[in-house]
Amino acid sequence: MSRDIRELLADKEFQRKMEKLAGLYPEERSALLAALHLCESETGCCGEEFQEYIAGKLGIPRASVKGVVTFYEMFHEKPRGKYLVQVCRTLPCMLAGAEILLDHICGKLGIRPGGTTKDGKFTLVTVECLACCDRGPSLMINDTLYTGITPEGFDKVIKELD
Amino acid sequence: MAGELKVLTANLGMKGTTEIDAVMRRGAYEALIKAMTRMTPDQVLGEVKAANLKGRGGAGFPAGLKWSFLPKGKDKTRYLVCNADESEPGTFKDRLLIENDPHKVLEGIIIAGYATQSAGCFIYIRGEMPQGARVLQRAVNQAYDRHFLGKNILGSGLDFDIWVARGAGAYICGEETALMNSLEGKRGEPRIKPPFPAGYGVYGKPSNINNVETYANVPAIIEKGADWYNSIGSADTPGTRLFGVCGHVKNPGLFELPSTVTLRELIYGHAGGILGDRKLKAVIPGGSSVPVLRADQIDVTMDSAGLKAVGSMPGSGGVIVMNDSVCMVRALHNLMRFYAHESCGQCTPCREGTHWLELLSGAIERGEGREGDADKILSLSKNIMGRTICPLGDAAAMPAESFVRQFREEFEFHIREKRCLPETMRMTTIYSA
Ligand SMILES: Cc1cc2nc3c(=O)[nH]c(=O)nc-3n(C[C@H](O)[C@H](O)[C@H](O)COP(=O)(O)O)c2cc1C
Ligand code: SF4
Ligand code: FES
């Protein structure tokens, strides 16, 4: 998480992973989303440098890569916090108290949805239905799903993050 | 009350069911072996057609018929796609199938691959399910090791691969042609149809797309036959269905039932009744995109015919229950914000229409509504319906139209009094109810 992009591109292990991804699907361009996911999880975003690199690697025009990065919610052009807090706010979770939870989280972290804490530790975003509506309210922190989260439960969860 | 019948969910709640050895001891891949060693592809196709398996992704199209649209012939590359994008609000069945019994899904896909003599299948799983993607990839690797995938599977002459691909957070990528664009590394924008996927799908090749649950039905159909399948459920939707009940019920969760179950049995029987022992107010019976029902409309079966009789549809099987503490204007505003956010923006009626529906419902909710606004919602919905490239426009218009039609007085009260109904003033939570 949050590695420097140049360091990442020079990393042999990373290059090996990219080769593997490019050969994974019947056509190379299908690896684009997987490659962007990898960059997101390593560096916290998919900035211009990576876009240029992956465009060349998969033979996709740079503008198309940018179009893809900006289309999908899970890709970011600018770095975000170390922990991406994604709170589901769709109707079933709303019925389960997502709005109260979100208010609490905003207060706790001192940011609004879309914001990042000053120390760069948390970025808060709202997301749509995470497909576990029977156990709401739901949220994800990076790749980890939490369900049935109360305001107190949230405080406990973030306390345990480093 | 009809009891649960565990066909698709037989392995859920057991230990170790993501491992191929464990599920094979419980009969996994026997249907595949039967299909590939004792039946011709046409016999398999015939059985699925005779079973009248209906698509579980929302539209309910007969799966066997869809498979038969793929052009035949040795030289054509055909692809299957498994839609695991599960993003319809209120729907959480595919996640449970994938995370708990991935081999059931794979077995159904490979049988479909044999029936259609396809080259392979893309499983497109939504980006927010990294755990599911890992479980699936592991299961795929195990199936290769057992030679249920790869070259000349079980000596049948079929070469068949499965590729797992992750989405990246876009509801619209659940729409079949948007999904195919996304698989090709593009923005998830729906394509104009025709051409349909059966002629022009992934990489422009003939493709067939089905939902996770649809494929998961196939092994039991092959194992036990179409007659058995037709003996369960209703005439228009045979077999069992996965119903996910969420919202204000005491016992939310997933229930596998024949669709002859009534909505009342589902809510008050299986899901334990209304939370807080309050009154039922409204229920959306098939994922957020289908028309909402009032409390007096729940004595209907959960198949197409039953729900059609009260103006709704089975959709994706996600049942969202709301008690009388819910403000319907606010609930609609929440949904309209969702559709406005998820519209890909290609068509004016959808891009502008969903945006206006969000603004209007929001204004009414905040006490800024004006006389005639309820009718404006109705006319906006009417002008979106059927005028867009993909059905997302309709998916927003149907709830909008039905919320106003079914709860008109509540909308008028908001506009007149500039506030919520007294019993809906407080924000509801599961913890305090
Ligand atoms: C906006 C939109 C979102 C959709 N999302 C999904 C989805 O998440 N999963 C799914 O299986 N089908 C979804 N569908 C339906 C698919 O387009 C397609 O009809 C379905 O995958 C076909 O499978 P089936 O015949 O087995 O139901 C969606 C459709 C639309 C218009
Ligand atoms: S209906 Fe909406 S989501 Fe579908 S293609 Fe048109 S703008 Fe995009
Ligand atoms: S609405 Fe939050 S998980 Fe479905």
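In the text below, chain A, chain B and the rest are named by the order of the sequence lines, each starting its count at 1. For the numbers below, each heavy atom of this structure counts, side chains included, while hydrogens, waters and symmetry mates do not.
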Engaged part of [X] at the chain A interface, taking heavy atoms whose separation is under 4.5 Å:
X        : value
B/Arg95  : side chain
B/Val202 : neither
B/Ser182 : both
B/Leu183 : backbone
B/Ser288 : neither
B/Pro89  : both

Just how far is it from atom [atom1] of [X] to atom [atom2] of [Y], taken to the nearest 0.5 Å?
X        : Y        : atom1 : atom2 : answer
B/Tyr203 : A/Ser30  : OH    : OG    : 2.5 Å
A/Leu95  : B/His248 : CG    : NE2   : 4.5 Å
B/Phe92  : A/Thr147 : CZ    : OG1   : 11.5 Å
B/Glu184 : A/Arg29  : CD    : CZ    : 4.5 Å
A/Thr70  : B/Arg187 : OG1   : CZ    : 5.0 Å
B/Glu88  : A/Glu128 : CD    : CD    : 12.0 Å

Above 12 or not: heavy atoms from other molecules or residues under 6.0 Å from NZ of B/Lys279?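 Not buried by this count: 12 neighbours or fewer within 6.0 Å.
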Using only atom types and a distance under 3.5 Å, with no angle test, would you say the side chain of A/Tyr72 pairs donor to acceptor with the backbone of B/Gly127? no
Examine distances only and state if a side-chain atom of A/His37 and a backbone atom of B/Gly167 form a donor-acceptor pair shorter than 3.5 Å. yes
Name the option with the most non-hydrogen atom pairs under 4.5 Å to chain A; the candidates are [options].
options                                : value
B/Arg337, B/Lys186, B/Met129, B/Glu342 : B/Arg337
B/Gly318, B/Pro130, B/Ala271           : B/Pro130
B/Cys344, B/Ala165, B/Ser87            : B/Ala165
B/Pro252, B/Gly188, B/Gly244           : B/Gly188
B/Glu86, B/Lys93, B/Arg126, B/Gln131   : B/Arg126

Please list, in residue-number order, every residue in residues 47-65 of chain A that has a heavy atom less than 4.5 Å from any heavy atom of chain B; write 'none' if there are none.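 So far as heavy atoms go, nothing in residues 47-65 of chain A approaches chain B to under 4.5 Å.
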Residues that A/Asp143 engages under side chain to side chain donor-acceptor pair (under 3.5 Å), provided they are two or more places apart: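 Here no residue qualifies.
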Kindly write out the residues that satisfy side chain to side chain donor-acceptor pair (under 3.5 Å) with A/Thr123, not counting sequence neighbours, or none if the list is empty. A/Thr116
Decide yes or no for A/Thr90 and B/Asn334: does some side-chain heavy atom of the first lie under 4.5 Å from some side-chain heavy atom of the second?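 When only atoms from C-beta onward are counted, B/Asn334 and A/Thr90 do touch, with a gap below 4.5 Å.
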For [X] versus [Y], what's the shortest heavy-atom pair and its separation?
X        : Y        : value
A/Cys133 : B/Cys246 : O-CB, 3.4 Å
A/Phe71  : B/Ala170 : CE2-CB, 4.1 Å
A/Leu91  : B/Ile320 : CD2-CG2, 4.3 Å
A/Pro26  : B/Tyr79  : CB-OH, 3.7 Å
B/Gly185 : A/Leu32  : O-CD2, 3.3 Å
B/Val164 : A/Tyr25  : O-OH, 2.7 Å

When only pairs under 4.5 Å are counted, which of A/Glu73, A/Gln86, A/Arg89 shares the most heavy-atom pairs with chain B? A/Arg89
Which region of A/Leu24, side chain (C-beta onward) or backbone (N, CA, C, O), has a non-hydrogen atom less than 4.5 Å from a non-hydrogen atom of chain B, or is it both or neither?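 A/Leu24 touches chain B through backbone heavy atoms alone.
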Sort A/Leu36 into side chain, backbone, both or neither according to what part of it lies under 4.5 angstrom from a heavy atom of chain B. neither
List for me each residue that meets side-chain contact (heavy atoms from CB on, under 4.5 Å) alongside A/Lys20, sequence neighbours excluded, and say none if there are none.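 With sequence neighbours excluded, A/Lys20 shows a side-chain contact (heavy atoms from CB on, under 4.5 Å) to no residue whatsoever.
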Between B/Arg330 and A/Glu99, is a salt bridge (charged side-chain N to carboxylate O under 4.0 Å, His left out) present by the stated rule, with each step listed? CA-CA 12 Å; B/Arg330 195 147 129 212; A/Glu99 291 176 341; 2.3 Å; yes
